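Data block below; observations after.
None of the values given here were measured: they were computed from a predicted structure.
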Amino acid sequence: MYGLLAPLSFDSPLVSRRQMAARNTLRFALNWTPLDWLSAPYRLDPFKTININNTVTNINEHTETTLTERDVTSLTWPDMILTVRDTEKWLFLERWIGGSQANFRWTRKKSETFGEEFSNNNTRGLDYRFAFFTRYDVFLSLSKSAGETRDLRTGLLKTGTDGLNHSLQVGTKWGSWRVTPSVGLRSDISKDGTGRFLQDLQSQTASVLGRFDKSYPGGFRFPFTKKVFSNVNRLTLDAKMGFERKISSLNFERDNTDTYTADATGEWEISRNFRFSFGGKLGLVNNRARAEDGYMSAELNTQLVIQF
């Protein structure tokens with residue numbers, strides 16, 4: 001018996017599912033301390049600590065799906081971090097601060113989809129940390145980003161973006177606690193070629209992080225009681241209270257909220273064979289535009305590990 005064989009067409013599922021992809025990545029990294037050999041007076045010592053870490057990354061991608069070909073080239077350069085230590089010597093502030101380190105960051109990424117679009121993104125920032133009176137550890141971060149995407153077929157601007165991300169954090173010891181309050185500000189704005197907002201969101205955050213770590217060789221007494229557990233070796237506790245406010249003119253009913261959170265996780269090492277873990281979390285979301293969309297959540301978990 002004979003049958004008819006139909007010729008295979010380009011619309012056949014066998015062909016439409018055919019896909020080929022190729023990706024080539026070239027990466028070059030440089031770590032250089034150009035002035036470490038310098039013999040300099042005390043005030044110029046920070047020049048000896050200058051360190052440059054720069055990375056160049058080039059990626060070429062080629063994909064074919066049925067009769068569609070796509071070539072994407074992206075170049076990240078510079079991707080640089082310039083580090084300087086002991087900057088208090090330049091500023092004549094050794095009496096108040098010490099152990100300072102400044103990191104200057106600069107990243108530029110260009111990406112082109114052949115015959116379709118071209119994008120360019122830049123990010124610049126500064127991280128600065130130091131010890132204030134040897135008691136307070138201060139960390140400051142500032143960064144700004146900007147980018148655009150253009151349609152290569154029309155030459156018109158498709159999107160433009162601007163972003164800010166600033167934060168300040170201070171850590172200190174308070175008895176057996178390590179306390180770290182912090183505040184932050186983040187802004188993300190994106191527009192299309194006509195100036196219409198695609199994204200407009202600002203976030204303001206504040207939090208306090210506390211870590212408790214203490215051993216009790218003589219036993220542990222519950223607060224406000226006289227009960228003493230003599231087998232307790234160590235108690236650790238991580239607690240955090242946070243607040244976040246979102247402000248948006250674009251998604252007014254969804255992205256104008258106040259969020260309050262409090263969570264804690266701990267471990268109680270009762271003895272060599274018994275370990276008790278516990279944790280909990282509370283959350284409250286208040287929608288300033290639609291009060292009925294606010295909600296509250298609570299979580300609680302415990303675990304007892306017995307090992308012999």
Side-chain angles (χ1 to χ4, degrees), residues 1-31 52-81 105-125 141 143-165 184 186-203 244 246-257 259 293:
M1 296 182 64
Y2 296 71
L4 296 177
L5 297 177
L8 198 64
S9 67
F10 287 108
D11 294 329
S12 168
L14 294 176
V15 177
S16 63
R17 288 196 297 265
R18 182 182 177 184
Q19 183 174 344
M20 184 183 73
R23 178 187 176 100
N24 297 319
T25 301
L26 176 64
R27 186 173 183 270
F28 175 77
L30 168 69
N31 193 315
I52 301 173
N53 192 317
N54 197 8
T55 304
V56 180
T57 305
N58 187 35
I59 301 176
N60 293 303
E61 296 179 272
H62 176 79
T63 58
E64 293 182 13
T65 304
T66 62
L67 299 179
T68 303
E69 295 185 3
R70 191 167 184 262
D71 290 289
V72 181
T73 301
S74 62
L75 175 65
T76 304
W77 182 84
D79 186 3
M80 182 180 69
I81 301 177
R105 296 177 284 108
W106 180 22
T107 301
R108 173 184 289 175
K109 182 177 180 180
K110 296 181 179 180
S111 180
E112 180 179 349
T113 302
F114 183 75
E116 295 183 24
E117 66 178 29
F118 173 81
S119 64
N120 184 21
N121 295 277
N122 283 277
T123 302
R124 293 180 175 87
S141 178
S143 69
K144 178 176 175 58
S145 61
E148 65 175 22
T149 302
R150 291 189 176 274
D151 192 321
L152 295 178
R153 291 163 293 196
T154 62
L156 299 178
L157 180 68
K158 294 180 65 176
T159 59
T161 60
D162 286 290
L164 292 172
N165 193 354
R186 182 183 179 93
S187 175
D188 294 293
I189 297 175
S190 177
K191 299 180 181 180
D192 63 13
T194 64
R196 182 174 63 91
F197 279 98
L198 300 175
Q199 183 180 20
D200 177 22
L201 180 62
Q202 185 182 104
S203 177
E244 180 182 27
K246 291 183 178 180
I247 304 171
S248 176
S249 62
L250 186 62
N251 299 306
F252 186 77
E253 295 184 352
R254 187 191 68 185
D255 290 335
N256 283 276
T257 59
T259 303
D293 289 345

Could you give the distance from [atom1] ([X]) to [atom2] ([Y]), rounded to the nearest 0.5 Å?
| X | Y | atom1 | atom2 | answer |
| --- | --- | --- | --- | --- |
| E112 | N120 | CD | CG | 11.5 Å |
| S203 | L164 | OG | CG | 12.5 Å |
| L152 | T113 | CG | OG1 | 8.0 Å |
| N251 | L201 | CG | CG | 8.5 Å |
| S141 | R105 | OG | CZ | 5.0 Å |

| task | Spell out, as yes or no, whether a donor-acceptor pair under 3.5 Å connects the side chain of T149 to the backbone of S119. | result |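 Not a single qualifying donor-acceptor pair exists.
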Side-chain atoms of residues 67-81: list all donor-acceptor pairs with protein atoms under 3.5 Å, sequence neighbours left out, distances to 0.1 Å.
residue	atom	partner	partner atom	Å
D71	OD1	H62	ND1	2.6
T73	OG1	N60	OD1	3.1
D79	OD1	T107	OG1	3.2

Are side-chain heavy atoms of [X] and [Y] found at a separation under 4.5 Å?
| X | Y | result |
| --- | --- | --- |
| N54 | F28 | no |
| R124 | K144 | no |
| D151 | E117 | no |
| I247 | N256 | yes |

| task | Can you see which heavy atom on A21 is nearest to which on T63, and at what distance? | result |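 Scanning both residues, the minimum pair turns out to be CB-CG2, 4.0 Å.
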| task | Kindly indicate, with the supporting measurements, whether the criterion salt bridge (charged side-chain N to carboxylate O under 4.0 Å, His left out) is fulfilled by E148 and R150. | result | CA-CA 7 Å; E148 65 175 22; R150 291 189 176 274; 3.5 Å; yes
| said: Under the salt bridge (charged side-chain N to carboxylate O under 4.0 Å, His left out) definition, can you give me all pairs with a residue in residues 246-256, not counting sequence neighbours? | reply: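 Listed once each, the pairs would be none.
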| message | Considering only residues two or more places apart or on different chains, which pairs with a residue in residues 187-198 satisfy side chain to side chain donor-acceptor pair (under 3.5 Å)? | response |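 Every side chain to side chain donor-acceptor pair (under 3.5 Å) pair that includes a residue of residues 187-198, provided the two are not neighbours, is R186-D188, D192-T194, D192-R196.
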| task | Please assess V56 against N58 for the test side-chain contact (heavy atoms from CB on, under 4.5 Å), listing each intermediate value before the final yes or no. | result | CA-CA 7 Å; V56 180; N58 187 35; 5.6 Å; no
